[in-house]
Amino acid sequence: MKAWMIRAGHNGVYAEDWFEKGCIGVGWDINTGNIDTMTYEEIFDSYSATTPSFSKSKLAAGASQVFHFGHDVVEGSTVVMYNGPDRIYHIGIIAGPCTYSPDADGRTYWRKVNWRGVAKRDDLPPCVPEFSWQHPYSLYD
């Protein structure tokens, strides 16, 4: 199974809310609602314009996450979201297009998710939980 690991803020601070609302989000604002139609270079340039003080590597990391969220985390994709306080992984299927809707916490782009199940972190084999700290939008086999 391939799945995208989605971080719901530091230690899963948004996980419970996103689970209840059936969504996932990303907080990189590049002043446009159409990241799913933009190239990586267009996203990078827009992000650079909104955050001119960021280093090139920080800009590249942010642009990469936005690009993946808009182009690769698509309807039918499997996603895994960690909820740190409850020590569980939520497992779901992307059920909608990328939408632009800034919220008070700085999340700007959203996708609907049909949550299908949970896995308790403590019940998983020792090697599985290690991937939760890696790249926020990573594809795992």
Side-chain angles (χ1 to χ4, degrees), residues 1-122 124-141:
M1 173 181 94
K2 291 185 177 183
W4 287 96
M5 181 66 193
I6 306 297
R7 301 271 307 189
H10 180 70
N11 203 29
V13 67
Y14 302 116
E16 187 175 325
D17 184 51
W18 291 0
F19 179 74
E20 290 173 6
K21 292 178 179 175
C23 67
I24 56 171
V26 65
W28 303 100
D29 192 0
I30 58 169
N31 292 331
T32 182
N34 299 316
I35 62 170
D36 53 338
T37 61
M38 297 174 72
T39 66
Y40 171 82
E41 290 76 17
E42 291 169 329
I43 290 170
F44 183 91
D45 291 344
S46 293
Y47 190 46
S48 296
T50 62
T51 53
S53 64
F54 284 7
S55 68
K56 219 172 189 182
S57 61
K58 189 169 185 173
L59 289 169
S64 177
Q65 290 178 20
V66 171
F67 181 82
H68 286 305
F69 195 82
H71 290 266
D72 299 325
V73 181
V74 296
E75 288 187 61
S77 296
T78 299
V79 293
V80 176
M81 176 181 67
Y82 185 60
N83 180 332
D86 294 334
R87 297 184 60 81
I88 59 173
Y89 292 94
H90 296 282
I91 303 160
I93 305 295
I94 298 294
C98 184
T99 59
Y100 179 74
S101 181
D103 73 1
D105 290 325
R107 305 292 151 238
T108 50
Y109 303 100
W110 300 92
R111 286 192 179 272
K112 292 202 177 290
V113 177
N114 289 330
W115 297 111
R116 301 285 174 95
V118 297
K120 292 182 180 179
R121 181 178 178 146
D122 297 329
L124 298 174
C127 66
V128 175
E130 294 174 9
F131 72 80
S132 68
W133 57 265
Q134 294 177 9
H135 193 279
Y137 299 100
S138 299
L139 183 63
Y140 294 92
D141 282 318

Q. Taking V79 as the fixed residue, which of I93, V113, I91 is the one that meets the side-chain contact (heavy atoms from CB on, under 4.5 Å) rule?
A. V113

Q | Shortest non-hydrogen contact between A15 and A8, atoms and distance | A | N-CB, 3.5 Å

Q: Can you establish whether the number of heavy atoms outside E75 located under 6.0 Å from its atom CD is more than 12?
A: yes

Q) For the residue pair F19 and W115, does the interplanar ring angle fall in the parallel (under 30°), tilted (30 to 60°) or perpendicular (over 60°) class? A) tilted

Q.
Is the shortest side-chain heavy-atom distance between H90 and N83 below 4.5 Å?
A. yes

Q | Among Y14, F69, W4, the one residue meeting side-chain contact (heavy atoms from CB on, under 4.5 Å) with I24 | A | F69

**Q.** Side-chain donor/acceptor of H71 to backbone N/O of M38, under 3.5 Å
**A.** yes

Q) CG of N114 to SG of C23: how many Å apart, nearest 0.5 Å? A) 11.5 Å

Q: Would you check if there is a donor-acceptor pair between the side chains of S101 and T99 at a distance under 3.5 Å?
A: no

Q: Can you label the angle between the F54 ring and the Y47 ring as parallel, tilted or perpendicular, going by 30° and 60°?
A: perpendicular

Q) Quick one: CG on D45 to OG1 on T39, what's the gap to the nearest 0.5 Å? A) 7.5 Å

Q) So, the side chain of Q65 versus the backbone of G62: is there a donor-acceptor pair under 3.5 Å, distance only? A) no

Q. Is I88 close to R121 at the side-chain level, that is, under 4.5 Å between some pair of heavy atoms?
A. no

Q) How long is the gap from NZ on K58 to OG on S53, to the nearest 0.5 Å? A) 7.5 Å

Q.
Any side-chain to backbone donor/acceptor pair from T37 onto N34? Under 3.5 Å, distance only.
A. yes

(Q) Just so I know, are the side chains of M81 and W18 near enough to count as touching, which here means a heavy-atom distance under 4.5 Å? (A) yes

**Q.** Closest approach of A3 to V80 (non-hydrogen atoms, all atoms of both residues)
**A.** CB-CG2, 3.8 Å

Q. Which residues satisfy the salt bridge (Lys or Arg N to Asp or Glu O under 4.0 Å) test with R116, sequence neighbours excluded?
A. none

Q. Once you round to the nearest 0.5 Å, how far does CD1 of I43 lie from OG of S64?
A. 9.5 Å

Q: Identify the two heavy atoms, one from N11 and one from P85, that lie closest to each other, and give their separation to 0.1 Å.
A: O-CD, 3.2 Å

Q) Within a strict 4.5 Å, meaning less than it, do heavy atoms of the F67 and I35 side chains meet? A) no

Q.
Please verify the inter-ring angle class for F44 with Y40; under 30° counts as parallel, over 60° as perpendicular, anything in between as tilted.
A. tilted

Q) Quick one: does R111's side chain have a donor or acceptor within less than 3.5 Å of a partner on V73's backbone? A) yes

Q. Is the NZ or CZ atom of R7 both under 6.0 Å from the centre of the six-membered ring of Y82 and within 45° of that ring's axis?
A. no

Q. So do V74 and S77 actually touch side chain to side chain, heavy atoms under 4.5 Å?
A. yes

